[in-house]
S.K.: 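The structure is given below, and queries will be raised subsequently.
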Number of protein chains: 2
Amino acid sequence: MAARRDGTQDKRPQRQAAPIPSAQEPPLSLERIIATAVELLDAEGIDGLKMRRLADRLGSGAMSLYWHVSNKDEVFDLALDSVLEYRGSPQLSESPDWRQAVVHMLEDWRASMLRHPWSASLLPRRALGPNILARLELLGGILSRAGVDEADLNGAIWSLWNYVMGATITRANFDLSDEDMLAGQQRLAHLSQEYPTIERARLLLDNDWDGVFRKGVDFLLDGLVPRQ
Amino acid sequence: MAARRDGTQDKRPQRQAAPIPSAQEPPLSLERIIATAVELLDAEGIDGLKMRRLADRLGSGAMSLYWHVSNKDEVFDLALDSVLEYRGSPQLSESPDWRQAVVHMLEDWRASMLRHPWSASLLPRRALGPNILARLELLGGILSRAGVDEADLNGAIWSLWNYVMGATITRANFDLSDEDMLAGQQRLAHLSQEYPTIERARLLLDNDWDGVFRKGVDFLLDGLVPRQ
DNA sequence: CCGTTGACTCGTACAGCGTACGATGCGATG
DNA sequence: CATCGCATCGTACGCTGTACGAGTCAACGG
């Protein structure tokens, strides 16, 4: 009577949910659980996700979730991966302008994570879900077609991935609280003799995150695939 | 009777600990708590740090910790920052070979975090402690002296920081379990028609993490401060 | 010499968490 | 009608972070 741990599709059978769904609640399903978990995470942050609260939102008992999911960590895994799905037009990915294709995918990646800031705190602990793998695969394909040597491919993929990860996590971290950032910069001002350079540069404030991100990607691409 | 929240030094007074420290346990102190927390984190990972267990290791009652620390999160903050201290020779940081100075600091940063893999999972959630700020300051100073324009300084600092963060977090993530990585690659093999490129490249296995890291830093530096 | 104070320690208690377990309901199948 | 498997959920348990208040003991002022 253990919960399903196999990788099968969630093939809820053709049995009717109920003759009339009496209450307005549709029946529990993995998709509904994940979607609601994402909602809850967006609304309450990473510490706001509790099994009981998730069940409340779903109109079910807490323990019912454990039929569809083996533990809370799996909810995190699934919520994370679900948020990272890439819906990019295949023709863009295969267009001759490979550089644009790469940049588009990476910027979308970053944007997806910033839309759900909790995802940044989750990433370090989680494994590679199918949507993440799909993005890596796409990246590898584009770079390979762009002429990156087989031997350098892994390095190229990881370099770009690393950069996106770091940029996104950093940004999401600050995004959580603009006022914290302001407070940080003010704390810096107090210590301006200890940190003169970054205080003067207003490192924590005057910063064009999007531009920095884009530039960094360009620099990496220039190095990985020199423009001729 | 609230716990100390001020930023004062932990000035334990000159009062004797005990006429003779009877038991071999030295008295509680913030430094001892942090050092022991790091030990515990190293040994048991991020979920292994419990206030009771930490107190056990310190030979004290659990609630005694709360005199020195206001809550568990603060233990995390302090443990993280303590692990990120940079002991680099100032003459290296001011040597004319600024590139080497930057690379040295960044590689040390990464190495410090990989020595304590839990730090990677902590970073996304934590603020900028003094040791992190000191590294950013150092980086800013070197780049500034290397001729980076004032207007580009923040971007340069963040680009490098982002890259180091991402590379380290990714690496630490895989480091936690080589067998997970192997299992991942084997799962990939099953799905080789879905992820042909990264499967063929053995993305999860044959990878020179150190080399990739170094190359990425070089590419970024080339972009940020073109070699003449 | 004694009473007070303030720094520090800790036992107890509590609310809230993830989840093990077993009872239950209910369509489908024989 | 009996049986079975999927799915739901109430109860309970062990463990967590920590609020609270009582306790200890050195230092100090009278």
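The structure displayed is predicted, hence computed values, not measured ones. Convention: sequence-line order gives letters A, B, ...; per-chain numbering from 1. Computed over heavy atoms, backbone and side chain alike; hydrogens, waters and symmetry mates excluded.
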S.K.: Could you state the CG-C1' distance from B:L28 to C:dC10, rounded to the nearest angstrom?
M.R.: 11 Å
S.K.: Could you pull out all donor-acceptor pairs under 3.5 Å where a side-chain atom in residues 46-60 of chain A meets a protein atom, sequence neighbours excluded?
M.R.:
from, atom 1, to, atom 2, distance (Å)
A:K50, NZ, A:D47, O, 3.3
A:R53, NH1, A:E44, OE1, 3.2

S.K.: Might you list the N or O atoms of the protein lying below 3.5 Å from N or O atoms in nucleotides 17-20 of chain C, with each pair's distance?
M.R.:
from, atom 1, to, atom 2, distance (Å)
C:dC17, OP1, A:K50, NZ, 3.4
C:dG18, OP1, A:K72, NZ, 2.5
C:dG18, OP2, A:M51, N, 3.1
C:dG18, N7, A:R52, NH2, 2.6
C:dG18, O6, A:R52, NH2, 2.9
C:dT19, OP2, A:Y66, OH, 2.7
C:dT19, OP2, A:K72, N, 2.9

S.K.: Partners of A:S119 by side-chain hydrogen bond (donor to acceptor under 3.5 Å, both in side chains), sequence neighbours excluded?
M.R.: none
S.K.: Tell me whether the OP1 or OP2 atom of D:dT8 has a side-chain N or O from A:H68 closer than 4.0 Å.
M.R.: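 The answer is yes; a side-chain N or O of A:H68 sits under 4.0 Å from OP1 or OP2.
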S.K.: To the nearest Å, give me how far apart CG (A:L65) and P (D:dG10) are.
M.R.: 12 Å
S.K.: Has B:R171 got its NZ or CZ under 6.0 Å from the middle of the six-membered ring of B:F213, at an angle within 45 degrees of the ring axis?
M.R.: no
S.K.: With A:R115, which residues qualify under side-chain hydrogen bond (donor to acceptor under 3.5 Å, both in side chains), at least two apart?
M.R.: none
S.K.: Rounded to the Å, how far apart are B:I46 CD1 and D:dT16 C1'?
M.R.: 16 Å
S.K.: Measure CH2/A:W67 against P/C:dC21 and give the value in whole Å, please.
M.R.: 15 Å
S.K.: Over how many whole Å does the gap from B:L54 atom CG to C:dC10 atom C1' extend?
M.R.: 15 Å
S.K.: Of all residues at least two apart in sequence or in a different chain, which pass the side chain to side chain contact (heavy atoms under 4.5 Å, CB included) check with B:D208?
M.R.: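 Partners of B:D208 by the side chain to side chain contact (heavy atoms under 4.5 Å, CB included) criterion, ordered by chain and then number, come out as B:D210.
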S.K.: Please identify each residue that fulfils side chain to side chain contact (heavy atoms under 4.5 Å, CB included) with B:R200, with sequence neighbours left out.
M.R.: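 For B:R200 the side chain to side chain contact (heavy atoms under 4.5 Å, CB included) partners, ignoring immediate neighbours, are A:E150.
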S.K.: Considering just the side-chain nitrogens and oxygens of A:S64, establish if one lies under 4.0 Å of OP1 or OP2 belonging to D:dC9.
M.R.: yes
